[in-house]
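We count ligands from 1, going down the list as the structure has it; atoms in each ligand are counted the same way. As the structure is a prediction and not an experimental result, all values here were calculated from the model.
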Amino acid sequence: MTGPAEDTKSQLTLLSSKLLHQHQAVEAALNRHVFVWKEIEEKSQKRSSGISKTSRSHIVQVSEIVGIHKVEDEDHTKSKWDQKKTLQFSQLFPNAFTVFYVKRTKNHRWRCNEATFSCSSAELCEQWIQVTREQLSLLTNRPKRLLVYINPFGGKRRGKRIYEEKVAPVFQQAGISADVIVTERANHARDHLTTEANLQQYDGVVCVGGDGMFSEILHGLVARTQNDNKVDQNRPDAELKPCMLRIGIIPAGSTDCICFATVGTNDPVTSALHIIIGDSQPMDVCSVHHNDVFLRYSVSLLGYGFYGDVLADSEKKRWLGPARYDLSGVKAFLCHNYYKGTVSFLPAEDNLGHPRDKLQCRFGCSICQHKQSSKDKLRETADEETAAEVSSSSWKVICGKFIAINAANMSCACPRSPKGLSPSAHLADGTADLILVRKCSRLDFFRHLLRHTNTDDQFDHSFVEVHRVRKFHFEPLDPQPLLLENQSELPKKPGFCPLGSAQTTCIPSAAHSSWNCDGEILHHAAIQVSVHRQLIRLFARGIEEQQQRV
Ligand SMILES: CCCCCCCCCCCCC/C=C/[C@@H](O)[C@H](COP(=O)(O)O)NC(C)=O
Ligand SMILES: Nc1ncnc2c1ncn2[C@@H]1O[C@H](COP(=O)(O)OP(=O)(O)O)[C@@H](O)[C@H]1O
Ligand SMILES: [Ca+2]
């Protein structure tokens, strides 16, 4: 909080001059928060026309200035044509500087705009550059040095080009230095982060790729932090240490739902600008264990049944690129498998809202800022048996036949489903939304899927239920590994799980599905999951409610 004295100080004008902008005289001023310029009306013009035209003023937040440079500065990032124009301009107006700043455009996209001003003297020009840079250096949340990992094979295999053509030039304008590693194999980035990288010299890690590549960075950073702090990841009840370095995501994958759900768009330049201005978005991480063995972390979707089957099938079609998910999606839909099992979960407290309350997680979300009380913490650390003594609303158990079991730790919004799997899930509230889709007809399941793409409520079906949870366990009912369709005639014994729907004629159906954990397949069906509130931070700010136009 800033007091009145501090407030007055921040309003103080640091610089104010008459400058020339686009052949027009402007009054420009800078204080600690904003850089403003306003066209100066020409008195003679006003008198002759009899009407005073409203002079436009422009405001740029200092926190959204990318950089400031003298016009004659050599800029090799510009095209030959632009370099020639710059040269001509600097000959006409020798004492000019350019301010680069964030400009909001449609659909949460940001662009790097520029405005050039020429000054009456070289000294004045230098003064503007120096004072503005001084103000930028006071913004301590901005990264100066980044470690960048590029997956050259993610999505449409454009990661390297996207970084070089769209991201590196803006980092350069902002004076950010980056050490770039182009990965040579799967898990290269994860292993490098876990054991080799000298993290002390960096202010953040950037991942150029999809959700799978992000998952590598997440595993590397979280493992490194736990190793450094002697925390055993294999203990399901371990209190994990939050990671200090923020992660930036340059989307260059197939689904890119983590970027989409934290920024509002999958656009490399927008992501680069969020990194440059030093945004920070805390995020929950789910830990997944099988008995006392750590399996993986998840930040977006943990899906058994439908999404597990889609992923398992799509892995064989990697060569198809992002389209593999459409093909495998149709196939899994036609197979219409269901799986028997028991889900037990610890519900979240009522003050954290409900998956159907339509309160979406947005920039500055109040639910994510809610602090956990000590009673809540106690309730969370208690195991299934002792939990009942702590609170009446303790673990709940549901047995059934499920087409899909999805745990969404955040909305999982992506271009395929702009509102996501759980539109009201929160990024940093310490909970996940557990969605149970029970056995139903193909038509009903189709209706449910279709509602992910329109405004109808996908939870408003008799066969769907959704719970906001802090932890959950899943146990498949039948340990039998694989059964064929024609065996479904076998007499039903207790604990025997029949196959997916009888009329299915496609691939042989198994008694178990597999878990899709942020796009990776888990090799155990029985898992225990805990949500760790705000374990990591991203260079993002959540989705902005309204486009603030300046
Ligand atoms: C009738 C039309 C039905 C359309 C239903 C669409 C629902 C889409 C919900 C998608 C939720 C995506 C959650 C994100 C998962 C990613 O981690 C994973 C891996 O993404 P990656 O390949 O690494 O970018 N992608 C998938 C499809 O499993
Ligand atoms: N150099 C590499 N060669 C092969 N696989 C890689 C390489 N670098 C990363 N990967 C792996 O590629 C997988 C998919 O990457 P990702 O960037 O998420 O793309 P997509 O969204 O298309 O799946 C990830 O699981 C990651 O571990
Ligand atoms: Ca969450």
Side-chain angles (χ1 to χ4, degrees), residues 149-160 181-191 207-217 219 249-261 266 282-286 298-303 306-312 314-315 318 320-322 324-326 328-330 332-333 348 352 355 361 365 367-368 404 406-422 424-433 445-454 458 468-470 516-521 531-534:
Y149 294 99
I150 304 177
N151 175 4
F153 302 116
K156 296 183 180 148
R157 299 172 173 243
R158 293 203 193 120
K160 209 160 160 275
I181 297 176
V182 179
T183 61
E184 286 162 10
R185 56 175 175 87
N187 293 327
H188 180 172
R190 184 199 65 185
D191 298 345
C207 143
V208 185
D211 293 333
M213 190 59 187
F214 174 81
S215 180
E216 279 201 30
I217 307 294
H219 283 83
I249 309 175
I250 306 293
S254 300
T255 314
D256 298 324
C257 93
I258 301 156
C259 179
F260 196 90
N266 285 340
M283 248 200 354
D284 299 335
V285 176
C286 294
S298 160
V299 288
S300 57
L301 165 70
L302 260 166
F306 184 70
Y307 288 101
D309 295 350
V310 171
L311 185 72
S314 74
E315 282 300 294
R318 272 214 160 262
L320 266 175
R324 68 191 183 277
Y325 289 129
D326 299 318
S328 302
V330 172
F333 171 76
L352 288 172
C361 185
C365 174
I367 291 196
C368 291
N406 298 323
N409 177 30
M410 52 180 222
S411 72
C412 295
C414 58
R416 217 175 284 269
S417 168
K419 60 178 184 175
L421 280 178
S422 191
S424 301
H426 291 270
L427 290 167
D429 63 340
T431 77
D433 289 354
F445 187 55
F446 182 74
R447 285 194 183 115
H448 166 68
L449 281 184
L450 199 62
R451 287 186 182 182
H452 289 80
T453 64
N454 59 31
Q458 64 255 47
R468 188 154 284 175
V469 307
R470 289 203 171 272
N516 173 343
C517 177
D518 288 6
E520 291 293 318
I521 295 170
V531 188
H532 299 264
R533 185 171 178 260
Q534 308 192 354

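Relative orientation of the Phe333 and Phe445 rings is parallel, given thresholds of 30° and 60° on the angle between their planes.
Using a 4.0 Å heavy-atom cutoff, Arg324 is listed among the residues neighbouring ligand 1. Heavy atoms of Gly519 stay at 4.0 angstrom or farther from ligand 2.
By heavy-atom distance, the residue among Asn151, Ile217, Asp518 lying nearest atom 12 (O) of ligand 2 is Asn151. The option with the heavy atom closest to atom 14 (C) of ligand 2, from among Arg157, Met213, Arg318, is Arg318. When Gly212, Gly159, Ser254, Gly321 are checked for heavy-atom proximity to atom 22 (O) of ligand 2, Ser254 turns out nearest.
Between Thr255 and ligand 2, a contact under 3.5 Å exists for no N or O pair. Residue-to-ligand polar distances place Arg185 within reach of ligand 2: an N/O pair is separated by less than 3.5 Å. Residue Gly210 places at least one N or O, backbone or side chain, under 3.5 Å from an N or O of ligand 2.
Taking OG of Ser254 as the reference point, atom CG of Asp326 lies at 10.0 Å (rounded to 0.5 Å). Rounded to the nearest 0.5 Å, atoms SG (Cys365) and NE2 (His426) are 5.0 Å apart. Note that NE2 of His219 and CZ of Phe214 are 10.0 Å apart. Values are rounded to the nearest 0.5 Å. With rounding to the nearest 0.5 Å, the separation of SG in Cys412 from CE in Met410 is 5.0 Å.
The residue His448 has no part lying near ligand 1, judged by heavy-atom distances below 4.0 Å. Counting heavy atoms under 4.0 Å from ligand 1, residue Ser254 touches it through both backbone and side chain. At a 4.0 Å heavy-atom cut-off, ligand 2 does not touch His188 at all. Of all the heavy atoms of Asp211, the ones lying under 4.0 Å from any atom of ligand 2 belong exclusively to the backbone.
The closest protein non-hydrogen atom to atom 23 (O) of ligand 1 is Gly212 N, 2.9 Å. Among protein heavy atoms, the minimum distance from atom 22 (O) of ligand 1 is reached at Tyr325 OH, 2.5 Å. Summary of contacts: the protein heavy atom closest to atom 20 (O) of ligand 1 is Thr255 OG1, 3.1 Å. Atom 28 (O) of ligand 1 has Asn516 ND2, 3.0 Å as its closest protein atom, hydrogens excluded (heavy atom only).
Every atom of ligand 2 is numbered from 1 in the order shown, and the set under 4.0 Å from a heavy atom of Glu216 is 9 (C), 10 (N), 11 (C), 26 (C), 27 (O). Using a 4.0 Å cut-off to heavy atoms of Arg324, the atoms of ligand 2 that qualify are 20 (P), 22 (O), 23 (O). Heavy-atom contacts of Gly253 reach the following atoms of ligand 2: 21 (O) (cutoff under 4.0 Å). Atoms of ligand 2 found under 4.0 Å from any heavy atom of Glu520 (numbered from 1 in listed order, with element): 25 (O). Proximity to Thr183 (heavy-atom distance under 4.0 Å) selects the following atoms of ligand 2: 1 (N), 2 (C), 7 (C), 8 (N), 9 (C).
Protein N, O or S atom count below 3.0 Å of the Ca ion (ligand 3): the structure gives 6.
Ionic pairing of Asp433 and Arg468 is present here: one or more N-O contacts between side-chain nitrogen and carboxylate oxygen are shorter than 4.0 angstrom.
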